[in-house]
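Okay, so here's the structure we're looking at.
Residue numbers begin at 1 in each chain, while the letters A, B, ... track the order of the sequences.
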There are 2 protein chains.
Amino acid sequence: MPPRRTRPTLKDLATRLGISESAASFALNNRPGVSEETRRRVLALAKELQWAPHHAARNLAGITSMTVGFVLTRDVQEFGMESFYLRLLTGAQSVLSDRGYGLLFQMTRSVDEELAVLRRWSEERRVEGVIISDLRRGDPRPAFLAELGLPAVLAGGPDPKKLLPCVMVDDAEAMRLIVDHLHQTGHRRLAYVSGPGDLLHVHRRIAAFKQAAAGSLATPGVVGTDYSDEQGVAATRQLIDASERPDAVVFDNEVLAVAGVRALRSAGLSVPADVSVVSCEDSAICMALQPSLTAVQRDPTVFGEAVARKLLRLVHDEPEPAVEAQQPTIVIRESTRQR
Amino acid sequence: MPPRRTRPTLKDLATRLGISESAASFALNNRPGVSEETRRRVLALAKELQWAPHHAARNLAGITSMTVGFVLTRDVQEFGMESFYLRLLTGAQSVLSDRGYGLLFQMTRSVDEELAVLRRWSEERRVEGVIISDLRRGDPRPAFLAELGLPAVLAGGPDPKKLLPCVMVDDAEAMRLIVDHLHQTGHRRLAYVSGPGDLLHVHRRIAAFKQAAAGSLATPGVVGTDYSDEQGVAATRQLIDASERPDAVVFDNEVLAVAGVRALRSAGLSVPADVSVVSCEDSAICMALQPSLTAVQRDPTVFGEAVARKLLRLVHDEPEPAVEAQQPTIVIRESTRQR
DNA sequence: TGCCTACGCTAAAGCGCATTAGCTACCCGC
DNA sequence: GCGGGTAGCTAATGCGCTTTAGCGTAGGCA
């Protein structure tokens with residue numbers, strides 16, 4: 001590999017054209033102050049020499065860093081939700097790069113680490129704003145970000161203290177869609193295998209589930225998990241071993257659902273003949289499985305796009321609502337059947 | 001949200017302590033030139049005021065950007081391989097952040113776009129090096145990067161023209177593991193549902209498969225796909241409709257495998273009783289499915305770590321081999337059975 | 001006592017750009 | 001013919017940091 005070329009600077013352009021740096025700068029930034037003729041010459045030479053502004057220099061001279069950050073703390077969710085996040089990232093990324101923004105991405109192992117990263121990014125003036133997700137009960141991040149004064153958007157709110165603007169999916173509505181569908185198809189004993197209860201969206205879903213299924217809750221109605229395959233199996237087993245076996249089980253995501261279907265089968269139960277199954281998260285797996293899984297759909301790519309757009313508006317001080325919601329839809333497949 | 005605090009600068013620290021900026025800089029960068037006493041005071045004040053060096057300023061003053069880039073061009077693979085990439089990213093990320101490096105992540109829709117991104121990052125001096133992946137036949141990226149002089153590591157080589165250092169998985173060995181296992185378990189008519197043939201690793205796998213399975217190839221032995229669920233189904237159907245039906249089918253990844261199992265079942269064939277199935281890629285799905293899928297394992301997280309380490313060595317001009325290989329292993333599960 | 005070195009520090013330059021103030025020539029209107 | 005405005009440019013400053021050169025003082029050694 002050849003040594004990295006020393007890149008041409010603005011001064012190089014200017015001296016080669018016999019003009020001042022400022023003139024060149026004006027030309028390149030499409031600013032008044034130079035003749036069309038000069039502008040043309042500068043642009044041509046810049047193209048020829050493959051000149052591009054030094055990012056750090058530009059940044060230092062007052063232009064913003066044109067970068068936003070995305071931190072993701074993953075622990076128990078190690079094996080779940082993977083496709084969700086990459087698709088979220090995809091969506092956010094496409095909006096950002098369209099507007100010339102870069103995305104600095106970091107994964108951390110704990111919330112403390114995440115706070116440290118956010119602080120560093122902010123202090124170093126490395127990012128103009130950040131995207132965060134997975135708010136938990138008592139989460140320190142909203143207050144922390146507010147104190148830093150770092151623009152931030154929560155992917156998946158709402159923030160109970162309203163410190164953070166967010167793009168959320170209407171979890172209650174999602175649950176209602178599911179329960180309504182199950183009711184309409186004649187199910188009378190519903191159960192829910194949820195994620196970790198300290199995740200706020202899980203908390204909301206549980207509440208919504210209990211409310212929507214009020215008259216038709218199996219016992220136990222809700223069993224929590226850490227999103228792992230093992231706990232998905234265990235929770236499902238617990239439900240079917242109970243005196244009042246459910247005729248439909250809702251799973252918080254597709255990983256749990258897949259585990260659940262397996263557990264049901266190995267207990268001699270058929271899906272959907274004996275028990276119907278619904279996943280709160282859709283993905284290729286839900287479609288590919290046999291039986292294919294009825295699921296709530298919320299396109300993570302579109303979601304990511306909305307989050308990125310919101311963050312950019314925030315960064316540019318454009319007026320906007322604090323909370324933005326996406327409507328989920330339900331896709332009915334083979335895993336739920338009329339009773 | 002409060003306005004973003006104006007951060008303290010080095011000068012602020014210096015004047016408040018009655019010393020020069022240089023002294024403060026020496027202290028903060030752990031350089032000789034200041035007394036221990038002064039160093040202590042500077043560090044204490046920096047901590048108190050939550051001072052951190054302005055990233056762009058540091059960069060401009062000669063320190064590198066402490067950033068590496070990762071571009072990913074995705075097209076037909078839209079629905080496949082998602083977990084693989086996020087795990088690759090996870091691994092790379094952990095190594096990078098441990099050493100204080102940031103990761104700039106971008107997805108593009110075409111190779112041309114990707115080239116443009118690479119060029120811009122290089123010209124703007126925004127990254128010190130990049131990670132790329134998914135080399136295709138006649139891929140312009142190695143030569144392009146060599147010309148830019150931008151340090152780069154290929155995740156998943158090798159580069160046939162040897163322009164790019166890489167961390168690769170031994171695809172031929174992986175295929176040999178699979179075919180050996182199938183032979184040992186008595187399979188005699190092997191088939192392979194591959195990915196797109198213009199991906200070099202797919203090309204290598206096909207060649208290795210044909211060679212390893214030479215005496216026991218079904219007809220047709222190999223059917224290509226674009227990694228989509230639909231083509232996975234179609235390819236599988238094509239195989240079982242052929243005169244010489246395979247007794248084992250190898251799928252290029254878990255998405256295809258899941259599609260394949262479905263296609264086999266809906267044709268009235270049982271897995272593994274009638275046909276065995278192997279996936280060239282492992283993931284939670286392979287474990288969770290029923291039957292669980294025999295698969296080749298290559299931990300993408302470890303892979304990502306190796307890639308990042310290699311890139312950092314490259315960036316720091318540390319000597320290292322051009323090609324690094326990871327040994328795959330095979331995990332035998334329920335989807336393959338002794339015949 | 002005198003010289004040399006080491007230490008602890010300061011002053012100044014420079015990284016590559018954007019921006020502001022200023023300067024010159026020119027054209028316009030009266 | 002003159003004042004005032006404007007187009008087109010240059011010079012200079014600053015962004016926040018690192019680094020080099022330089023400077024004074026104190027201590028070591030002969």
Per the ring pair (Phe, Tyr, Trp, His ring centres under 6.0 Å) rule, what does the pair list look like for residues 46-73 of chain A, sequence neighbours excluded? Phe70(A)-Phe105(A)
Scan [X] against the nucleic acid and name what it touches under 4.0 Å (heavy atoms): base, sugar-phosphate only, or nothing.
{"X": "Arg7(A)", "answer": "sugar-phosphate"}
{"X": "Ala24(B)", "answer": "nothing"}
{"X": "Arg39(B)", "answer": "nothing"}
{"X": "Ala27(B)", "answer": "nothing"}

Tell me the interatomic distance from [X], atom [atom1], to [N], atom [atom2], rounded to whole angstroms.
{"X": "His55(B)", "N": "dC17(D)", "atom1": "NE2", "atom2": "P", "value": "13 Å"}
{"X": "Arg126(B)", "N": "dC17(C)", "atom1": "CZ", "atom2": "C1'", "value": "15 Å"}
{"X": "Leu17(B)", "N": "dG8(C)", "atom1": "CG", "atom2": "P", "value": "17 Å"}
{"X": "Glu124(B)", "N": "dG16(C)", "atom1": "CD", "atom2": "P", "value": "15 Å"}
{"X": "Leu13(A)", "N": "dA18(C)", "atom1": "CG", "atom2": "P", "value": "11 Å"}
{"X": "Glu123(A)", "N": "dC17(D)", "atom1": "CD", "atom2": "C1'", "value": "16 Å"}
{"X": "His54(B)", "N": "dC17(C)", "atom1": "NE2", "atom2": "C1'", "value": "13 Å"}
{"X": "Asn59(A)", "N": "dG14(D)", "atom1": "CG", "atom2": "C1'", "value": "14 Å"}

For Gln326(B), check side chain to side chain donor-acceptor pair (under 3.5 Å) against everything at least two apart and list the hits.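 Side chain to side chain donor-acceptor pair (under 3.5 Å) check on Gln326(B) returns nothing, list empty.
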List for me each residue that meets side chain to side chain donor-acceptor pair (under 3.5 Å) alongside Ser20(A), sequence neighbours excluded, and say none if there are none. none
Pair Arg119(B), Gln50(A): side-chain N/O donor-acceptor within cut-off below 3.5 Å: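 Yes, side-chain donor-acceptor contact under 3.5 Å.
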Report yes or no: does [X] contribute a side-chain atom to a donor-acceptor pair with the main-chain N or O of [Y] at less than 3.5 Å?
{"X": "Ser65(A)", "Y": "Arg126(A)", "result": "yes"}
{"X": "Lys310(B)", "Y": "Glu305(B)", "result": "no"}
{"X": "Arg58(B)", "Y": "Pro53(B)", "result": "no"}
{"X": "Asp139(A)", "Y": "Leu135(A)", "result": "no"}
{"X": "Asn29(A)", "Y": "Arg31(A)", "result": "no"}
{"X": "Ser122(A)", "Y": "Leu118(A)", "result": "no"}
{"X": "Arg137(B)", "Y": "Asp198(B)", "result": "no"}

Of Ser20(B) and Ala56(A), the one whose nearest nucleotide on DNA chain C sits closer to the 5' end is Ser20(B)
Pairs under 3.5 angstrom, nitrogen or oxygen only, protein versus nucleotides 22-24 of chain C, please.
none

Residues Glu21(A), Lys11(A): salt bridge by 4.0 Å N-O rule: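 Salt bridge: no.
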Ser35(A) side-chain N/O to dA7(D) phosphate OP1/OP2 under 4.0 Å: no
Counting primed atoms, P, OP1 and OP2 as sugar-phosphate and everything else as base, the B/S/- map of nucleotides 18-27 of chain D against protein heavy atoms under 4.0 Å is BBB-------
Bend angle of the helix from dT1(C)-dA30(D) to dC30(C)-dG1(D), end axes from five pairs each (to 10°):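 Both end axes considered, the difference amounts to 50°.
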